[in-house]
Amino acid sequence: MLLSACPGFAQSQKFARHFAPDNAAVPAEVRAETRGAPWQNRERGPAEGLRVFARERSGAVWLGSEQGAARFDARAKFRWDRWQYFFGRRWLLDNHVRNIQVEERGGSRKIWIRTETGVSLIEWRPMTLEGKAAYFDERIEKRHVRYGLVASSHLAAAGDLSTNKKLSSDNDGLWTAIYLGAQAYRYAVTRDSEARTRAQRALRALMQLERITGVPGLMARSFVSSTEPVPADGVWHPTSDGRWLWKGDTSSDELVGHYFGYAAYFDLVADDLEKAAIQKVVARVTDYLIANDYDLIDVTGAPTRWGEWSERYFRTEEGKYEAPLRSLELLSFLKTAHHITGAKKYSDAYQDRIRRGYADHVPFYRRWAGGGEINFSDDELAYLSYQPLLKYETNSRLRKIYRNGLRFTWSQVRADMNPLWNYISLAGDGGRMTGRIREESRRTLERIPMDMIEWGVRNSQRIDVRFEKESDRHGRPQLTEVLAPDERPVGKWNSNPHIPDAGDGSHSEDDGAYFLLPYWMGRYHGWVK
């Protein structure tokens, strides 16, 4: 919850627990079913048939219906604070509300919600954003570290964290790099040895992804022990010693993540020995790209499906469309390689790509002639490429070109209130920090749910939302405005935040590192206190 939305309460976060109606922990007055009073207000709220069940001392009203519960605060100014909606298993055992009781003591608040099948308790617990970051860190330690890699985990029984199993994913390298970046910024802010230790572990995992293929410069998507069942998805290759299997067909997502993660660790954490190790692996990866005319060649001898940055690729129909993003990525790779290694050959390669028009492509990302496909995963790759590129580029002409592209991209995503995009845009001189940007970024960080289980979430039935005329690239309906993060499906920054309904049936838990990176980056730059 937000401080401004909860007068009289400390900065806090929401947690939900669930009980059978006859559980001794449930207050007697909650067990009874009551009808409540019809909601009579010009603001209809998120659901039809709302009835008033309880009020807080602040004056905020709690309402229920056959479509979940809602909290209304007439004094709140921010859109997310005025109405808050509680629907689905993240918050309730079922959505048929029969009673609501408010319990307020000191700086805490408990909301007991009786539904058809049981009772749900939603607690506001005092917690700073730093405390939230520590909570997310410990969840990762418990259920999301696999051979040093960080990614989501599978729940054999829906919603039951005790049944979690750590599995590989398509983008273990990217998700681990985001975690690595978060721990690097955390160390730069706090000098906490724990942050350094966790960053070192992630660094070693990224290095192992390159080492395990047996091809210098070619990295794997993921790897598993040969004693584990072979995952059903992707193409897996055994190592020469037979101890491991590694996942091939590596994509641009992995390279973007590796360069971003290596740069963050190199600049913010590394000692001289670690810098030397990073220099070697970055040199191998970059040399492999240059030797293959900027295509990532798999062990098959052909470029991977999403691993092409060559001029030849840009002459294809798909490549013409992809040229702005791929140019941005490659220029970032080469600039980062020169920064880390100091080797002139990478500066020469960078200037050669500039002469061949790669920089001129960059500002056209998201400026598609005749319209284009909005891909939030591509936005993530663009931002993680802009961050080191603008940090290291000092040439005023090139900085102007890159800033032009960054500012336009930011103008297209600003309404999503994404703190990571906001902070990278500001750090890259794409704009200036304002009170509104600071507040919106913080609100998003505050409202990212504490519970990272990918519960089934549904908002398309709401009467307070509007839909875009066009579906997204997967044919799914999408909303005109983003909902608060704890009212929408769990999703990393590569997910479409406008999707009203999603969830995997509660069989996976996200690692949550997508919260940690912007939080610690914001702390590093002084934008989050």
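Just the heavy atoms: all of them, side chains too, but no hydrogens, waters or symmetry mates, feed the values below.
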Query - Note, Leu289 side chain near Thr286 side chain (heavy atom, < 4.5 Å) - result: no
Report task. Give the C-alpha distance, both sets of side-chain angles, the deciding distance and a yes or no for side chain to side chain donor-acceptor pair (under 3.5 Å) between Asp510 and His144. Result -> CA-CA 8 Å; Asp510 193 88; His144 295 276; over 6 Å; no
Requested in this report: Compare all side-chain heavy atoms of His339 with those of Pro388 and state whether any distance is below 4.5 angstrom.
Outcome: no
Report task. Take Ser460 and Asp501, measure what side chain to side chain donor-acceptor pair (under 3.5 Å) needs, and give me the verdict at the end. Result -> CA-CA 7 Å; Ser460 56; Asp501 309 330; 2.6 Å; yes
Query raised in the report: Can Asp81 and Arg443 be counted as an ion pair, charged N to O under 4.0 angstrom?
Result: yes
Requested in this report: Determine the minimum heavy-atom distance between Ala359 and Leu398, stating which atoms define it.
Outcome: CB-CD2, 4.1 Å
Requested in this report: Examine the side chains of Arg146 and Ser168 and answer whether a donor and an acceptor come within less than 3.5 Å of each other.
Outcome: no
Report task. May I ask you to say whether Glu487 pairs ionically with Arg90, meaning some side-chain N is under 4.0 Å from a carboxylate O? Result -> no
Query - Close side-chain approach of Arg414 to Ser411, heavy-atom, < 4.5 Å - result: no
Let me have the donor-acceptor pairs involving side chains of residues 199-218, under 3.5 Å, with sequence neighbours excluded, atom names and distances please.
| residue | atom | partner | partner atom | Å |
| --- | --- | --- | --- | --- |
| Gln200 | NE2 | Glu274 | OE2 | 2.9 |
| Arg201 | NH1 | Glu141 | OE1 | 3.1 |
| Arg201 | NH1 | Glu141 | OE2 | 3.4 |
| Arg201 | NH2 | Glu141 | OE2 | 2.6 |
| Arg201 | NH2 | Tyr179 | OH | 3.2 |
| Gln208 | OE1 | Arg211 | NH1 | 2.7 |
| Glu210 | OE1 | Arg284 | NE | 3.4 |
| Glu210 | OE1 | Arg284 | NH2 | 2.9 |
| Glu210 | OE2 | Gly217 | N | 2.8 |
| Glu210 | OE2 | Arg284 | NE | 2.9 |
| Thr213 | OG1 | Glu210 | O | 3.3 |
| Thr213 | OG1 | Val215 | N | 3.2 |
| Thr213 | OG1 | Val215 | O | 3.3 |
| Thr213 | OG1 | Leu218 | O | 2.7 |

Query - Salt-bridge contact Arg143-Glu138 (side-chain N to carboxylate O under 4.0 Å) - result: no
Report task. Considering only NZ, NE, NH1 and NH2 on the basic side and carboxylate oxygens on the acidic side, decide whether Asp137 and Arg186 come within less than 4.0 Å. Result -> yes
**Report entry** His361 to Pro324 - nearest heavy-atom pair and separation
**Finding:** O-CB, 3.3 Å
**Report entry** Cation-aromatic face contact Arg367/Phe408, 6.0 Å, 45 degrees
**Finding:** yes
All N/O donor-acceptor pairs, side-chain side in residues 517-524, below 3.5 Å, sequence neighbours left out:
| residue | atom | partner | partner atom | Å |
| --- | --- | --- | --- | --- |
| Tyr519 | OH | Glu130 | N | 3.4 |
| Tyr519 | OH | Arg523 | NH1 | 2.6 |

Query raised in the report: For Asn171, does its backbone N or O pair with a side-chain atom of Ser169 as donor and acceptor, under 3.5 Å?
Result: yes
Query raised in the report: Any donor-acceptor pair under 3.5 Å linking the side chain of Asn395 with the backbone of Arg397?
Result: yes
Report task. Going by the ring pair (Phe, Tyr, Trp, His ring centres under 6.0 Å) test, name the single residue among Tyr294, Tyr262, Phe260, Tyr259 that passes it with Phe333. Result -> Tyr259
Query - Residue that, paired with Tyr358, satisfies ring pair (Phe, Tyr, Trp, His ring centres under 6.0 Å) out of Tyr350, Trp309, Phe314 - result: Phe314
Requested in this report: Compute the ring centroids of Trp421 and Tyr386, then answer whether they are less than 6.0 Å apart.
Outcome: no
Requested in this report: Decide, yes or no, whether a salt bridge links Arg312 with Asp295 under the criterion of side-chain N to carboxylate O below 4.0 Å.
Outcome: yes
Query - Steps toward side-chain contact (heavy atoms from CB on, under 4.5 Å) verdict (Gln412, Tyr365) - result: CA-CA 11 Å; Gln412 302 302 294; Tyr365 176 66; over 6 Å; no
Query raised in the report: Run the side-chain contact (heavy atoms from CB on, under 4.5 Å) check on Ser425 and Tyr383 step by step: do they pass?
Result: CA-CA 8 Å; Ser425 296; Tyr383 268 100; 3.0 Å; yes
Requested in this report: Salt-bridge test for Asp253 and Arg221: reply yes if a basic N is under 4.0 Å from a carboxylate O, no otherwise.
Outcome: no
Report task. Assign the ring pair Phe376 / His498 to parallel, tilted or perpendicular, where the plane angle (0 to 90°) is split at 30° and 60°. Result -> tilted
Query raised in the report: Taking the six-membered ring for Trp, are Phe136 and Phe515 parallel (under 30°), tilted (30 to 60°) or perpendicular (over 60°)?
Result: tilted
